[in-house]
Amino acid sequence: MIAVLKRGTTKQQLDHLLSWLKNMSLDVHVSEGQEFTVLGLIGDTSRVDMELLGSLEIVESVKRVSEPFKQANRKFHPNDSIIDAGGVKIGSGYFAMIAGPCSVETEEQIIAVAQSVKESGAQILRGGAFKPRTSPYAFQGLKGEGIRLLLEAKKATGLPIITEIMNIRSLDLFEDVDIIQVGARNMQNFDLLQELGKTHKPILLKRGLANTLQELLMSAEYIMSEGNENIILCERGIRTYETYTRNTLDLSAVPVLHELTHLPVVVDPSHATGRASLVPSMAVAAAAAGADGIMVEVHNNPACALCDGAQSLNLEQFAQLQQAVERVREAIK
């Protein structure tokens, strides 16, 4: 249920209303916009008399929210959220390019890539330390050592870092990581999501391989229900009958999510296509669709990459992509 308050409502009136609502064992999310203040009521709202609430002097309107996701719902929070990740803002007009290798391999590799993508215009460095692989025999990442090397690259370049978490047990290793990524395979690992909700760190939540947008938003709701509202959604392609690409990039997810939620949305064309030759066109298409950021895999020598070399851009290709995305974003302003 949401209640829209009239313009001119005083703090004393608001506090009195909040006290009354909380006495009914409801959680209340307050969103103060330029025009209106919106109260999102979370819990058993059946005990709330809608007519009584709507008749209050300071209340403009009251309505029930039919969608199961509440705190992630734009009706609860009409204005776009802006997520601050290590000093880089994402959302509501702030655009971030996230780039780096699929997997951290050596100190020389990650620092070289970090320096190059920063020079080309990237604002955030990605790199896998823990790698979920289909085969148990494939390279699984450097784990804790990989995070240490990412922090060395951050020290050398000043770029905030993002890397994927696999399970709750390794959470302590992510204390100095700027953005924690939840991969597609863990999108519905609800125990992990709830623990991340207690961290208050920015979380990049990837859509699962066969999940609906509502299921993605419900996973975000798990994190938000524990108090962490710093969430970035990521469309990274879904599994369809098409086999020419690794996945099928659902670009319609960008405008749909912007209608449904206030959370920023980024696009990962590398995992969506699985082919470096297709990444640039899908990246500029994502920018044209209104994405709040793009995350691409970049390697200094893709042919020798330990993981996903086929979908990784080289350093020169990324520099060209960055320029193309900037031109598209300028054109659609």
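When reading the values below, keep in mind they use all heavy atoms of this one structure, side chains included, and skip hydrogens, waters and symmetry mates.
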Mind checking whether [X] and [Y] sit in one hydrophobic cluster, side chains of I, L, V, M, F, W, Y counted as touching below 4.5 Å?
{"X": "V62", "Y": "L18", "answer": "yes"}
{"X": "L205", "Y": "L171", "answer": "yes"}
{"X": "I147", "Y": "L125", "answer": "yes"}
{"X": "M166", "Y": "L142", "answer": "yes"}
{"X": "I203", "Y": "I161", "answer": "yes"}

Heavy-atom count check: over 12 atoms from other residues, nucleotides or ligands less than 6.0 Å from [X] [atom1]?
{"X": "Y94", "atom1": "OH", "answer": "no"}
{"X": "K6", "atom1": "NZ", "answer": "yes"}
{"X": "E242", "atom1": "CD", "answer": "yes"}
{"X": "R47", "atom1": "CZ", "answer": "yes"}
{"X": "R185", "atom1": "CZ", "answer": "yes"}

### Donor-acceptor pair between E119 and S116 side chains, under 3.5 angstrom
no

Under a 3.5 Å distance rule, please check whether [X] uses its side chain to pair with a backbone N or O of [Y] as donor and acceptor.
{"X": "K70", "Y": "M1", "result": "no"}
{"X": "E226", "Y": "L196", "result": "no"}
{"X": "R148", "Y": "E152", "result": "no"}
{"X": "S19", "Y": "D15", "result": "no"}
{"X": "E235", "Y": "G237", "result": "yes"}
{"X": "N230", "Y": "H200", "result": "yes"}
{"X": "Q188", "Y": "N186", "result": "no"}
{"X": "T9", "Y": "L5", "result": "no"}
{"X": "K201", "Y": "E175", "result": "yes"}
{"X": "Q13", "Y": "T10", "result": "yes"}

Output the distance between atom [atom1] ([X]) and atom [atom2] ([Y]), rounded to the nearest 0.5 Å.
{"X": "F69", "Y": "K75", "atom1": "CZ", "atom2": "NZ", "value": "8.0 Å"}
{"X": "D44", "Y": "S25", "atom1": "CG", "atom2": "OG", "value": "9.0 Å"}
{"X": "D250", "Y": "T212", "atom1": "CG", "atom2": "OG1", "value": "11.0 Å"}
{"X": "D292", "Y": "I90", "atom1": "CG", "atom2": "CD1", "value": "8.0 Å"}
{"X": "M187", "Y": "M218", "atom1": "CE", "atom2": "CE", "value": "10.0 Å"}
{"X": "E195", "Y": "I180", "atom1": "CD", "atom2": "CD1", "value": "11.0 Å"}

#### Entry: Worked check of side chain to side chain contact (heavy atoms under 4.5 Å, CB included) between V177 and L150
CA-CA 9 Å; V177 171; L150 278 169; over 6 Å; no

### Query
Quick one: do D176 and K154 make a salt bridge, cutoff under 4.0 Å?
no

### Query
Is any NZ, NE, NH1 or NH2 atom of the basic residue among R327 and E330 found under 4.0 Å from an Asp or Glu carboxylate oxygen of the other?
no

Per-pair distances, 0.1 Å, donor-acceptor, side chain in residues 295-308, under 3.5 Å, sequence neighbours excluded:
from : atom 1 : to   : atom 2 : distance (Å)
E297 : OE1    : Q311 : NE2    : 3.0
E297 : OE2    : H271 : NE2    : 3.4
H299 : ND1    : N301 : N      : 2.8
H299 : ND1    : N301 : O      : 3.2
H299 : NE2    : E105 : OE1    : 3.3
H299 : NE2    : E105 : OE2    : 3.1
D308 : OD1    : R246 : NH1    : 3.4
D308 : OD2    : R246 : NH1    : 3.3
D308 : OD2    : Q311 : NE2    : 3.3

Side chain to side chain, [X] and [Y], heavy atoms closer than 4.5 Å:
{"X": "D268", "Y": "K206", "answer": "yes"}
{"X": "L193", "Y": "V182", "answer": "yes"}
{"X": "F130", "Y": "T163", "answer": "no"}
{"X": "L39", "Y": "V30", "answer": "yes"}

### Query
In terms of the angle between their ring planes, are F190 and Y222 parallel, tilted or perpendicular, with boundaries placed at 30° and 60°?
parallel

### Query
Mind checking whether H29 and F76 have parallel, tilted or perpendicular rings, split at 30° and 60°?
tilted

